[in-house]
Amino acid sequence: MRYSQAFIHTLFEAPKEAETPSHIFLLRGSFVYPIAAGLYSLMPLGHRAVEKIKRIIREELDAIGGLEVTMPVVNPAELWKKTGRYFHIGDELIRFKDRRDRQFVLAMTHEEVVTDIAKQFVRSYRDLPVMLYQIQTKIRDEARPRAGLLRVREFQMKDAYSFHPDFNDLDVYYPKIYNAYLRIFARCGLKSTPIEADSGIMGGSGSHEFMLESVNGEDHFVLCPGCGYAANTEKAVGMKPERTPSTQSPAREKVHTPGVKTIADLAGFFDAPQESFLKTVAYVADENLVFAVVRGDFNVSATKLGAYLKAVHLDYAPEKILSGKGLNGGFLSPVGIKGVRIVCDSAITESALYIAGANEPDMHLKNVLPGRDFELKESADIVEVREGDRCAVCGKADLELRRGIELGHTFKLGVKYTAPESMDVTYLDGAGEPNRVVMGCYGIGVERLLASIIEKWHDESGMRLPASIAPYQIILSQLGNQPEVVAMAERIYSKFGPVWELLFDDRSESPGVKLKDADLLGIPVRLVVSRKLEKSGDVEIKIRQTGEVRICPEKDIEATLEAIFRELEPSMENLPYMDEKA
RNA sequence: CGGGGCGUAGCGCAGCCUGGUAGCGCACCUGCCUUGGGAGCAGGGGGCCGGAGGUUCAAAUCCUCUCGCCCCGACCA
């Protein structure tokens with residue numbers, strides 16, 4: 001392809017809305033073009049790169065028996081009402097009516113549609129297991145799109161769904177997907193870290209997120225340097241250092257604390273460590289008032305609390321509700337409260353004294369003893385893990401907090417969508433008995449993966465794309481327009497253009513422009529033809545990833561390129577594979 | 001949805017405070033010239049100053065309201 005015909009329009013300066021490297025270089029390289037917040041066109045270069053990613057995904061999923069399908073993006077609302085998601089999901093799900101006033105949604109995933117397919121066609125155990133996948137547009141009306149392609153409202157997603165005769169079969173299949181994910185990301189040039197994720201109703205180790213460590217990521221996870229335990233902070237559990245038990249049990253005592261509300265201020269006021277306070281946070285869980293009580297040195301994890309309560313909606317209690325009960329934020333307490341469900345964190349025990357709110361303005365209580373002064377009825381892990389907490393798995397090392405981009409998610413769904421109250425999908429086993437189909441689902445955001453690759457692979461000049469992803473493998477830069485130089489460049493182009501993905505920069509631009517553009521676009525190998533090189537019959541070959549430069553006679557180009565691309569192949573060894581059962 | 005910032009040519013910006021016929025750099029078009037790190041000279045095209053109201057003889061500039069975009073937070077099946 002000739003550069004002059006390739007519809008490439010690079011920008012010298014990045015549009016000011018771009019702040020993260022991937023966003024800046026995707027715009028500057030004319031890989032993408034924005035049309036509204038979180039909505040992008042993929043321009044020819046971006047399109048080619050995305051197609052490369054999709055090909056890798058297809059190869060790896062086909063290798064484990066996946067079957068690609070295409071499903072409608074417009075779904076009847078009826079289907080989504082069956083599974084209940086029509087009601088549970090908020091404004092992120094776009095709902096609309098057609099000309100005949102029928103309700104529809106724009107699919108943000110395809111569990112409903114694919115499960116409907118399974119319901120229709122899976123009748124016998126002979127049809128199982130089966131894995132269907134799609135690489136298609138998904139629509140999510142995100143509250144806040146950000147960072148270019150990292151979080152958008154319309155995007156291509158690879159979604160895979162596996163159907164199994166029982167949980168055991170799902171457990172057998174799961175490592176295949178898990179390992180395919182590791183290979184997919186490795187082939188894209190990324191080291192992914194699988195972490196345990198919040199798996200909601202399933203519990204256990206039924207869900208993994210594949211993270212790319214990145215300062216521009218929006219997800220947090222913890223990593224144990226001792227045992228390798230890695231988990232989303234929404235799920236991660238750390239050990240909670242015990243307080244020294246109190247030997248006495250003095251009566252509780254009311255203290256005037258005018259305007260002192262935060263734990264930090266209280267710690268100063270009482271001259272006591274933060275862990276000696278009870279922090280009471282009021283939530284409304286599905287319309288019921290709940291007090292979450294945690295030790296002062298911890299923060300409530302809304303995710304964990306919500307999971308414990310099995311709440312569909314969980315939010316901070318509005319001031320109105322509290323004042324309606326004569327309560328006052330900042331002085332809340334589990335002591336002496338009636339008609340409110342109280343959930344305490346597991347770190348709170350009956351063996352130590354605390355300072356707590358008094359449920360009246362400007363007052364706190366000293367010498368509060370859990371169990372004596374309030375009932376310690378419900379206790380669960382409801383706090384956010386902290387950097388430096390001792391790992392609860394190995395108990396030997398302290399957890400480190402990391403930031404990352406979620407590249408993919410694997411999830412043992414179980415019977416959430418096949419249950420009688422949902423889509424109700426069964427098959428007949430060998431004995432002719434009906435059995436419930438068990439599901440897994442597995443997603444990868446395709447454009448996000450491209451952005452992640454650039455987050456990982458760039459320098460100040462531009463992208464440094466892995467050969468597996470780059471829209472073109474080679475850029476041939478002709479510097480100078482002397483007849484001999486042109487002839488040599490054309491000769492090389494006509495020879496290699498048909499066999500390699502080669503972009504021939506035939507523009508009559510100055511050398512500086514051509515070289516800068518080559519760097520910006522991140523093409524893995526740059527071939528330069530110039531007057532000086534032409535005289536000795538050589539070309540220059542530069543590898544973008546490493547910066548290595550080789551001078552090579554024209555006749556040796558082919559062999560040299562082949563050797564270089566072999567070297568650029570990513571290694572599939574030493575990935576943290578999950579054991580595959582027989 | 002809360003907090004903050006920004007809308008002037010394709011991109012980056014000045015002009016606004018102190019109203020008076022819209023400018024700079026890059027990009028783009030023509031010609032000459034040049035070719036190893038974003039050249040040079042000459043000529044040229046392109047803007048309803050986000051939109052709507054208002055104040056004024058006169059509004060990019062002042063006032064009101066809106067819409068859009070970005071960042072932080074909340075949210076994220």
Side-chain angles (χ1 to χ4, degrees), chain A residues 8-20 23-24 27-30 33-39 75 80 83-94 105-112 138-148 150-153 157 159 197-201 207 209 216 218-219 232 234 302-303 306 312-316 318 406 409 411 413 416-417 422 441 443 445 448 460-462 477-486 489 505-520 526 528-534 539-540 542 549 551:
Chain A
I8 300 168
H9 299 278
T10 58
L11 291 172
F12 180 62
E13 289 177 285
K16 65 169 185 293
E17 71 261 21
E19 291 189 2
T20 57
H23 195 188
I24 290 170
L27 288 171
R28 284 193 53 201
S30 72
Y33 176 70
I35 191 170
L39 299 173
N75 291 187
W80 286 65
T83 63
R85 291 211 294 176
Y86 187 86
F87 309 105
H88 297 331
I89 299 173
D91 293 336
E92 211 181 354
L93 177 67
I94 294 183
V105 304
L106 293 179
M108 46 200 290
T109 67
H110 279 80
E111 277 83 3
E112 279 78 4
K138 311 265 167 164
I139 315 279
R140 296 180 190 185
D141 194 1
E142 292 283 349
R144 188 154 92 81
R146 61 176 290 274
L150 280 180
R151 186 167 203 80
V152 293
R153 297 196 291 176
M157 182 168 173
D159 241 345
D198 177 38
S199 50
I201 51 165
S207 176
E209 288 170 352
N216 288 318
E218 50 187 345
D219 287 308
N232 193 307
E234 290 176 351
T303 309
V312 175
H313 298 289
L314 182 73
D315 214 338
Y316 290 120
E406 184 186 343
H409 199 155
F411 198 93
L413 270 178
K416 182 170 180 191
Y417 292 93
S422 188
C441 71
R448 176 185 285 184
E460 61 288 341
S461 302
S477 305
Q478 169 202 318
L479 306 186
N481 56 2
Q482 298 79 6
E484 324 82 80
V485 173
V486 173
D505 194 345
D506 59 337
R507 297 174 298 167
S508 56
E509 290 287 352
S510 70
V513 170
K514 291 188 172 190
L515 298 175
K516 289 284 186 188
D517 276 341
D519 285 347
L520 173 64
R526 189 184 76 194
V528 169
V529 174
S530 72
R531 187 177 207 168
K532 193 177 72 190
L533 292 159
E534 191 278 332
V539 297
E540 174 197 277
K542 183 171 182 181
V549 175
I551 303 298

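To find a chain, count down the sequence lines: A is the first, B the second, and so on, and within it residues start at 1.
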_When the P atoms of B:C67 and B:U21 are compared, how many Å lie between them, rounded to an integer?_
33 Å

*Between B:G20 and B:A39, how far apart are the P atoms? Round to whole Å, please.*
37 Å

*Report the distance from atom CD1 of A:Ile551 to atom CD of A:Glu540, rounding to the nearest 0.5 Å.*
5.0 Å

*Taking A:Glu509 for the side chain and A:Pro511 for the main chain, is one N or O donor matched with an acceptor at less than 3.5 Å?*
no

*Which nucleotide, in any strand shown, forms a Watson-Crick or G-U wobble pair with B:U61, with both distances under 3.5 Å?*
none

_Integer-rounded Å distance: B:A77 P and A:His110 NE2_ = 17 Å

*Find the distance A:Leu479:CG to B:A39:C1' and express it as a whole number of Å.*
14 Å

*On a whole-Å scale, what distance lies between the P atoms belonging to B:C6 and B:G45?*
34 Å

*A:Leu27 has an atom CG; how far is it from atom C1' of B:G10, in whole Å?*
13 Å

*Look at the side chain of A:Arg28 and the base of B:G38, then say whether one donor and one acceptor between them are separated by less than 3.5 Å.*
yes

*Do the side chains of A:Ser477 and A:Val528 get nearer than 4.5 Å, heavy atoms only?*
yes

*Checking all strands, does A:Val528 fall into the base, sugar-phosphate, or nothing category for heavy-atom contacts under 4.0 angstrom?*
base

*What is the pairing partner of B:A42, taking Watson-Crick or G-U wobble pairs with both distances under 3.5 Å in any strand?*
B:U30

*In terms of side-chain heavy atoms of A:Asp517, which of B:G38, B:U34, B:A77 is nearest?*
B:G38

*Taking salt bridge (Lys or Arg N to Asp or Glu O under 4.0 Å) as the test, write out the residues that go with A:Asp506, two or more places apart.*
A:Arg2

*Distance, P atom - from B:G19 to B:G4, rounded to whole angstrom*: 28 Å

*Under 4.0 angstrom, heavy atoms only, what part of the nucleic acid is A:Leu533 near: base, sugar-phosphate, or nothing?*
base

*Distance (rounded to the nearest 0.5 Å) between A:Glu17 CD and A:Ile24 CD1*: 10.0 Å

*Inter-nucleotide P distance (B:U64, B:G5), Å rounded*: 15 Å

*asked:* Roughly how many Å apart are B:G43 and B:G51, using the C1' atom of each and rounding to a whole number?
replied: 37 Å

*Please tell me if the side chains of A:Arg28 and A:Thr10 come closer than 4.5 Å, counting only heavy atoms from C-beta onward.*
no

*Inspect the contact between A:Glu111 and A:Lys416 and indicate whether a charged nitrogen and a carboxylate oxygen are less than 4.0 angstrom apart.*
no

*asked:* Contact between A:Arg85 and A:Thr109 at the side-chain level, heavy atoms closer than 4.5 Å - yes or no?
replied: yes

*B:C1: pairing nucleotide in any strand, Watson-Crick or G-U under 3.5 angstrom*: B:G73

*Of the nucleotides B:G36, B:C11, B:A77, which one has an atom closest to the side chain of A:Leu515?*
B:G36

*For B:A22, what is the paired nucleotide under Watson-Crick or G-U wobble rules, both distances under 3.5 Å?*
none

*Distance, C1' atom - from B:A14 to B:A60, rounded to whole angstrom*: 12 Å

_Closest-nucleotide mapping onto RNA chain B: is A:Gln478 or A:Asp219 further toward the 5' terminus? I mean the 5' end._
A:Gln478

_Whole angstrom value for the distance that separates P of B:G36 from CG of A:Asp505_ = 14 Å

*Let me know the distance between CD of A:Gln482 and C1' of B:G36, rounded to the nearest Å.*
11 Å

_For a quick check, tell me whether the side chain of A:Ser510 and the base of B:G38 share a donor-acceptor pair closer than 3.5 Å._
no

_Integer angstrom distance from the P of B:U8 to that of B:C49_ = 11 Å

*Specify the separation, in whole Å, of atom CZ of A:Arg140 and atom P of B:A77.*
8 Å

_Any donor-acceptor pair under 3.5 Å from A:Arg448 side chain to A:Glu406 backbone_ = yes

Close N/O contacts between protein and nucleotides 25-32 of chain B (under 3.5 Å):
| unit_1 | atom_1 | unit_2 | atom_2 | d |
| --- | --- | --- | --- | --- |
| B:G25 | N2 | A:Glu13 | OE1 | 3.3 |

*How many angstroms lie between CE in A:Met108 and CG in A:Asp159, if you round to the nearest 0.5 Å?*
11.0 Å

_Rounded to whole Å, please give me the gap between CD1 in A:Ile139 and C1' in B:A77._
15 Å

*Distance from A:Leu106 atom CG to A:Asn75 atom CG, nearest 0.5 Å?*
8.5 Å

_Can you measure A:Glu460 atom CD to B:G38 atom C1' for me and round it to whole angstrom units?_
15 Å

Pairs under 3.5 angstrom, nitrogen or oxygen only, protein versus nucleotides 69-75 of chain B, please.
| unit_1 | atom_1 | unit_2 | atom_2 | d |
| --- | --- | --- | --- | --- |
| B:C69 | OP1 | A:Ala37 | N | 2.8 |
| B:C71 | OP1 | A:Ala147 | N | 3.2 |
| B:C72 | OP2 | A:Arg144 | NH1 | 3.1 |
| B:C72 | OP2 | A:Arg144 | NH2 | 2.9 |

